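These numbers come from a predicted model, not from an experiment. We count ligands from 1, going down the list as the structure has it; atoms in each ligand are counted the same way.
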Amino acid sequence: MESHLHPPHQSIVILDFGSQYTQLIARRVRELKVFSVVLPCTASLEEIRKHSPIGVILSGGPSSVYDADAPKFDDRVLAMGMPILGVCYGFQLIVYKLGGSVKPAPRREYGHAEVNLVAGAKSRLFAGLPETLQVWMSHGDDAEKIPPGFDLIANTANAPAAIQDEARKIWAIQFHSEVHHTPRGKELLRNFVMEICGARGDWTAQQFIEETVRAVRATVGEKGRAICALSGGVDSAVAAVLVHKAIGDRLTCVFVNNGVLRKNEFEKVQQNLRDKLGLHLIAVDASASFLGRLEGVTDPEQKRKIIGNTFIEVFDVEAERIWKNEGEVEWLVQGTLYPDVIESVSVRGPSQTIKTHHNVGGLPESMKLKLIEPLRNLFKDEVRRIGRDLGMPEEILQRQPFPGPGLAVRILGEVTPERVRLLQEADDIVVSEIKAAGLYTQVWQSFAVLLPVMSVGVMGDQRTYANACAIRAVHSEDGMTADWVPLPHELLRKISSRIVSEVRGINRVVYDITSKPPGTIEWE
Ligand code: XMP
């Protein structure tokens, strides 16, 4: 499948020095309808050239250029002659490599800052921007002396904030223009990508679909067969529909009920994917074996592992059955997205494991299936756009992300059939009320969490002693960071009173007002 992964489009290469914002840079470039590729900062000049970039962006990163283990970088890149933009660590690297100097800042600068353009400085990068910019900073080093040949374009109160060398086509900014805390940052990136690099902005969904369908056909051939595990979510569904468009019913989809799906989801997904979209779908109800193995387990990572492993076993059995009944299967379709791909090639290996995510890779070696990952170059919003162009129902496309281990990571403590039922009911109320209020597509995720806490209540004249649940609603762009959403009080009141009166077994509802970081979106 490599053949279609780098379609013959103009591209911007982003070298990843390990910043948590690298993917955001890639997204911002894509939003300009320009293809972007993230490569580890260790990529050689030759590897970079393979992507025929029209410009290169050096990302931020946690290191200091003077660190003994500072990430390796092929500095021939700086002499390539095509436009380069350094961001944060990328800025310092340019300063350091080209003869300037960098020093530790008196204190780490993290948060909002103000940047002022130097009087009289002319810069294409800042075209159309005001003389004072609100920006987001996150760095421990400052540029002390800017390199020879560079002009200073902007300053903070303490240090240089932007420099350029028009002759060598190198620009560098100390702040993060890609984050929304730099309100005019998108315009700055647009100036770089469209004006300085001269991008056409012609990377569209329709083009992607045609190229992908053609590539899948060529890869799988006239007779080849593929299987796909559907989760009910957007990614696997769009991947399946794309591949189905290419090879029809030679794609068999498998949807597993793991016992921790949402209320009625097992049936709804079948209706949508089999009945509406015409996918060749096998639905397997394995809830008893998942719930059986989860009995007595309270540790979050343990739960995730059990669900991941059981899923693999169930899928393995189905794959063998398909192989026997329908013919040899060579290919496995997965809805892997670009963020997962980038994560797995990052500078110092994947960042610290906060949670083991269940959805990528993870199928047994013994299956010897070759992977088709038609979405491995896309971000979530791009996947939705493509699904829309493929005529998929909004109900699937707009569905909020749902974790692979399902409600199990929203049931704190032991996952029992009764607790699953309680949470399914509460979750259904949250989702339906948020939909009724017209907010479902405006928040990234909104859901209920069943707590391992019992509390005393009163209902009618009766004392109750029952479970507590939490409501969580967050805004996010990509799940990596998130802000809690202040849902309207009236809506919260309605959700709370419906849950307490309709879900027997829950007598208290609390509201989670934690952002990420420091919280995570899911509770486990
Ligand atoms: P956290 O809880 O890590 O979640 O802040 C970030 C986003 O990822 C989703 N999530 C998962 N998605 N498999 C998935 O496919 C998983 O194992 C998994 N765990 C968390 C979560 O819902 C949120 O959108």
Side-chain angles (χ1 to χ4, degrees), residues 20 23-24 27 228-240 255-256 258-262 265 269 290 294 297 299-312 315 334-344 350-363 373 375-376 378-381 383-384 396 398-412 415 423 427 430-431 434 440-450 470-485 512-524:
Q20 51 171 328
Q23 293 189 25
L24 269 184
R27 287 171 60 95
C228 176
L230 295 176
S231 66
V234 188
D235 311 339
S236 57
V238 173
F255 178 53
V256 176
N258 58 10
V260 279
L261 299 176
R262 289 175 161 156
E265 191 160 26
V269 168
F290 279 88
L294 285 168
V297 179
D299 176 66
E301 276 301 291
Q302 194 69 20
K303 286 182 192 173
R304 285 175 170 272
K305 288 206 175 101
I306 290 172
I307 294 173
N309 293 339
T310 311
F311 178 83
I312 289 169
F315 190 72
Q334 283 195 334
T336 317
L337 299 194
Y338 202 37
D340 306 320
V341 178
I342 302 176
E343 176 88 355
S344 60
S351 49
Q352 193 195 356
T353 304
I354 312 271
K355 302 172 184 183
T356 5
H357 273 210
H358 146 72
N359 60 341
V360 273
L363 284 169
E373 297 177 309
L375 312 178
R376 63 178 278 128
L378 303 183
F379 290 104
K380 193 94 176 181
D381 49 337
V383 172
R384 290 204 171 104
I396 299 181
Q398 293 300 346
R399 181 177 175 275
Q400 292 175 354
F402 187 61
L407 298 180
V409 293
R410 296 179 183 171
I411 297 175
L412 279 74
V415 178
L423 185 57
D427 176 72
V430 174
V431 172
I434 285 189
Y440 184 77
T441 56
Q442 290 177 36
V443 295
W444 168 265
Q445 273 171 300
S446 43
F447 54 87
V449 180
L450 188 62
I471 307 299
R472 181 129 175 85
V474 295
H475 279 310
S476 175
E477 259 188 282
D478 47 23
M480 292 193 300
T481 60
D483 292 320
W484 67 274
V485 179
D512 181 353
I513 51 169
T514 322
S515 289
K516 173 184 180 176
T520 52
I521 297 177
E522 304 293 344
W523 277 44
E524 289 193 338

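- No donor-acceptor pair under 3.5 Å is formed between the side chain of T481 and the backbone N or O of K516.
- Formation of a donor-acceptor pair under 3.5 Å by the K380 side chain with backbone atoms of G479 is not found in this model.
- Partner of F379 under the side-chain contact (heavy atoms from CB on, under 4.5 Å) criterion, out of R27, R384, E477: R27 alone.
- Which parts of ligand 1 touch P403 is read off a 4.0 Å heavy-atom cut-off, strictly below it: atoms 10 (N), 11 (C), 12 (N), 14 (C), 18 (C), 19 (N), 20 (C), 22 (O).
- In this structure, the side chain of Y440 does not engage the main chain of S446 through any donor-acceptor pair within 3.5 Å.
- Each of the following atoms of ligand 1 lies closer than 4.0 Å to a heavy atom of G479: 6 (C).
- For ligand 1, the polar-atom distance check finds an N/O of G404 within less than 3.5 Å of one of the ligand's N/O atoms.
- At under 3.5 Å, not a single nitrogen or oxygen of E524, backbone or side chain, sits near a nitrogen or oxygen of ligand 1.
- Contact atoms of ligand 1 toward T520: 1 (P), 2 (O), 5 (O) (distance under 4.0 Å to a heavy atom of the residue).
- Within the listing of ligand 1, atoms 1 (P), 3 (O), 5 (O), 6 (C) sit less than 4.0 angstrom from a heavy atom of K516.
- In this structure, R304 has a heavy atom closer than 4.0 Å to ligand 1.
- In terms of polar-atom proximity, defined here as any N/O pair under 3.5 Å, F402 makes no such contact with ligand 1.
- The closest donor-acceptor contact from the side chain of S236 to the backbone of S231 lies under 3.5 Å.
- Contacts between Q445 and ligand 1 below 4.0 angstrom, taking non-hydrogen atoms only, involve the side chain exclusively.
- Distance alone, capped at 3.5 Å, places no donor-acceptor pair between the E524 side chain and the L412 backbone.
- For the ligand labelled ligand 1, residue W444 lies inside the 4.0 Å heavy-atom shell.
- The main-chain N or O of I521 is found under 3.5 Å from a side-chain atom of R472 such that the two form a donor-acceptor pair.
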